[in-house]
Amino acid sequence: MNKEKDFDELVTLKKRDLSRGEKILSKIMLFFEDLFKVPLFKCHHCGECILSHTGFVCSQRCPKRLRNGPCGGTRANGHCEVYPERKCVWYMAFQRARRLRRTSLLHRIEKIHNWELEKTSAWLNVWTKQIEPPTFIIRSDDDHDIKKQD
Amino acid sequence: MTMTLKNKIESGQFVLTAELGPPRSSKGDSVRKKSRHFRDIADGINITDNQTAIVRLPSIAASKILVEEGLEPVVQITCRDRNRLALQSDLLGMSALGIHNVLCLTGDYQSFGNHPEAKGVFDLDSVQLIAAAKRMTQGYFLSGDQIKTPPHLFIGGAANPFAPPLEFRVLRLAKKIKAGAQFIQTQAVFDLERFAEWMKRVRDWGLHEKIAILAGVMPVKSVKALQYMEKEVPGMTISKDIISRMEKAEKPKEEGVKIAVETIQKLREIKGLQGIHLMPLMWESITPRIAEESGFLKEKKSSPRSEKSPEEKQHSREKGK
């Protein structure tokens with residue numbers, strides 16, 4: 001087994017030092033990203049966006065900030081265990097992913113969050129190759145398992 | 001050599017694990033006393049990690065006490081209280097103390113406990129913790145640095161078949177298997193129908209062949225306890241049948257035992273299960289009776305006696321000094 005490759009799957013690549021230009025660009029992009037992502041997705045600026053994998057529901061809205069699916073506390077009505085008045089973020093993510101036929105992306109083991117990227121622009125981080133690019137198009141043969149259950 | 005939990009599961013035995021809650025003090029004797037109910041009965045003893053976010057004797061410390069008693073603990077480790085440094089260091093520590101079974105959990109949210117004002121860590125989630133533990137057994141820290149002497153770990157995870165959405169619960173199990181989990185202990189079963197449905201999906205995906213699933217069973221003393229759980233423990237479903245049975249019962253404790261035994265018997269008929277995880281919350285003393293009545297002890301007696309006895313004798317002698 002290629003261990004080096006496994007690491008890449010589990011931990012985000014190290015944050016690299018940005019040039020001065022990139023730093024300025026990061027601030028500008030963060031501004032525009034916020035304009036777009038905060039009202040639409042209640043973005044939490046984790047800098048490591050996985051919106052495209054979670055049916056376009058920001059997983060970081062979860063009080064436990066889980067990145068790999070719901071905890072065992074989702075209430076019978078699909079609400080959060082911590083804030084009973086709110087819907088469970090992962091419950092919403094699952095429903096939306098299913099509607100968009102993107103449940104195959106929920107099978108991914110999402111990387112451990114790199115806190116050095118917190119409050120940076122995810123768009124720039126993709127551009128500077130610090131994080132993986134989002135997945136917009138999914139191959140039809142990717143869609144397995146859950147779809148089979150539908 | 002005695003069979004460890006890992007050996008037993010790998011050899012296909014139907015195992016019984018039990019849960020022990022450590023005290024809210026530094027009284028180690030309390031762990032020793034409670035563990036006596038599990039001796040020669042449980043194949044592994046889970047020690048909870050600050051369960052329901054209430055400060056208790058640490059899981060690893062209580063587990064060490066069990067090791068000294070000649071029992072086999074399963075350390076529960078949550079992501080609520082530790083960041084990646086502490087998690088990795090604890091995994092090294094438990095292996096160094098001769099404890100190799102670990103159950104990786106996300107952890108109850110801190111607002112449920114007695115320190116609701118605390119900062120919850122949640123640096124990793126349970127899936128990532130399982131993957132991290134697996135990586136460590138392969139000789140690497142999360143940083144990529146090599147571990148000269150990697151820990152030996154038998155890695156477990158939890159599953160809650162009762163919380164919605166059902167499909168995601170199966171998917172999450174698949175994810176934990178992919179991350180490297182070797183056994184799964186489920187939330188307490190009070191709704192057999194739902195559990196059977198979950199298991200059916202698990203079998204459809206062929207997951208039961210990849211991992212040992214231990215179904216949770218919790219004996220309850222009163223209908224109040226059930227109603228409390230239904231109301232206060234999110235993600236738990238309790239069938240109306242069980243509630244009405246407990247309500248009508250003249251001796252609720254007896255009925256509680258009966259229900260637990262029946263649940264175990266019905267669970268054993270479900271294909272794909274490899275054990276029972278007993279959770280006698282604050283009622284450890286009932287374990288031998290439930291094990292006896294559900295037929296676990298008979299199996300133990302019929303199987304050849306392990307070489308545990310000389311060790312035990314030596315141990316009791318040491319204690320005598």
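Scope of the values below: all heavy atoms of this structure, side chains included, with no hydrogens, waters or symmetry mates. In what follows, every chain begins at residue 1, and chains take the letters A, B, ... in the order their sequences are listed.
The most heavy-atom pairs under 4.5 Å with chain A, out of B/A159, B/S126, B/P165, B/G120, come from B/P165. The choice from B/A132, B/P164, B/G235 that makes the most heavy-atom pairs within less than 4.5 Å of chain A is B/P164.
Minimum interatomic distance between B/D125 and A/R67 (heavy atoms only, all atoms of both residues): OD2-N, 3.1 Å. For the pair B/A163 and A/T74, the tightest heavy-atom approach, listed with the atom from each and the gap, is CB-O, 3.5 Å. Between A/L106 and B/K175, the shortest heavy-atom contact is O-NZ, 3.2 Å. In terms of heavy-atom proximity, B/P234 sits nearest to A/G73 at CB-O, 3.1 Å.
For the atom pair CG (A/N68) and CD (B/Q128), the distance works out to 5.0 Å, reported to the nearest 0.5 Å. The distance from the SG atom of A/C71 to the CG atom of B/L105 is 11.5 Å, given to the nearest 0.5 Å. Separating the CZ atom in A/R108 from the NZ atom in B/K178 is a distance of 8.5 Å, to the nearest 0.5 Å. For the atom pair CG (B/L129) and CD1 (A/I112), the distance works out to 8.5 Å, reported to the nearest 0.5 Å.
Side-chain contact between B/D123 and A/H113 is absent, with no heavy atoms from C-beta onward closer than 4.5 Å. Residues A/K64 and B/R80 have side chains not in contact (no heavy-atom distance under 4.5 Å, counting atoms from C-beta outward).
Within a 6.0 Å radius of CD in B/E232, more than 12 heavy atoms belonging to other residues, nucleotides or ligands are found. Heavy-atom neighbours of A/W115 CH2 from other residues, nucleotides or ligands within 6.0 Å: above the threshold of 12.
With B/R172 contributing its side chain and A/P70 its backbone, the two residues share a donor-acceptor pair below 3.5 Å.
Contact of B/R84 with chain A is made through the side chain alone, with heavy-atom distances under 4.5 Å. With a 4.5 angstrom heavy-atom cutoff, B/F112 touches chain A only via side-chain atoms.
Using a 30° and 60° split on the angle between ring planes, B/F168 and A/W90 fall in the perpendicular class, above 60°.
Of the listed residues (B/V127, B/L124, B/T106), just one forms a side chain to side chain contact (heavy atoms under 4.5 Å, CB included) with A/L66, and that residue is B/T106.
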